[in-house]
Peer 1: 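I have a structure I would like to understand better, so I am pasting it below and will then ask my questions one at a time.
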Amino acid sequence: YVCRKALDKQNPYAHFCQAPLCTHENCGKCKLHSNDEEDDQQAMREAGISAAERYKAEIRNEDGGKGTSVNVDFDVDRMLHDPAGPRRQQAPG
């Protein structure tokens, strides 16, 4: 399951939706059956977004809130779909 919250020891299945064909938007529960690849992709995306936010906060803290630090922006979705990213050409010589 993607959320990684601790499961209730008495009834761990209470964490998961039991309704077939539920979209899980309203019930707020995790899917009982899911696709491992999709789950991993979602977990990686969430971890990437969280890491990018922590890094941006760290840069702001080092700047002291003056706004003079380098503007950094991460496209987590692009990184996940093209991990190699654009390659820099080496200068001749």
Side-chain angles (χ1 to χ4, degrees):
Y1 59 104
V2 175
C3 79
R4 309 289 190 239
K5 290 182 182 174
L7 300 178
D8 178 34
K9 293 183 191 270
Q10 297 296 323
N11 185 9
Y13 283 99
H15 180 85
F16 300 95
C17 178
Q18 304 294 317
L21 306 176
C22 181
T23 62
H24 310 289
E25 293 172 7
N26 294 327
C27 74
K29 294 187 175 190
C30 287
K31 298 176 187 177
L32 181 59
H33 301 284
S34 61
N35 179 307
D36 289 342
E37 287 183 26
E38 289 174 4
D39 291 350
D40 290 345
Q41 188 73 17
Q42 182 179 346
M44 287 188 294
R45 183 176 188 276
E46 290 171 0
I49 290 170
S50 177
E53 289 172 356
R54 285 192 314 270
Y55 182 73
K56 288 177 188 179
E58 183 179 316
I59 294 295
R60 281 192 302 272
N61 288 340
E62 288 177 1
D63 183 24
K66 297 176 187 169
T68 58
S69 64
V70 177
N71 184 19
V72 291
D73 195 22
F74 298 98
D75 186 344
V76 173
D77 292 318
R78 183 172 177 206
M79 284 188 247
L80 288 171
H81 289 97
D82 184 15
R87 302 203 187 277
R88 292 185 182 185
Q89 293 182 351
Q90 292 182 342

Peer 1: Looking at CD1 of Ile49 and CG of Leu80, how far apart are the two atoms once the value is rounded to the nearest 0.5 Å?
Peer 2: 8.5 Å
Peer 1: With a 4.5 Å heavy-atom cut-off, do His15 and Lys5 have their side chains touching?
Peer 2: yes
Peer 1: Which heavy atom of Val76 sits nearest a heavy atom of Arg45, and at what distance?
Peer 2: CG1-O, 3.8 Å
Peer 1: Among Met44, Glu38, Glu37, find the residue that satisfies the side chain to side chain contact (heavy atoms under 4.5 Å, CB included) test when tested with Gln41.
Peer 2: Met44
Peer 1: Are any non-hydrogen side-chain atoms of Phe16 and Leu7 less than 4.5 angstrom apart?
Peer 2: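 Yes, side chains in contact.
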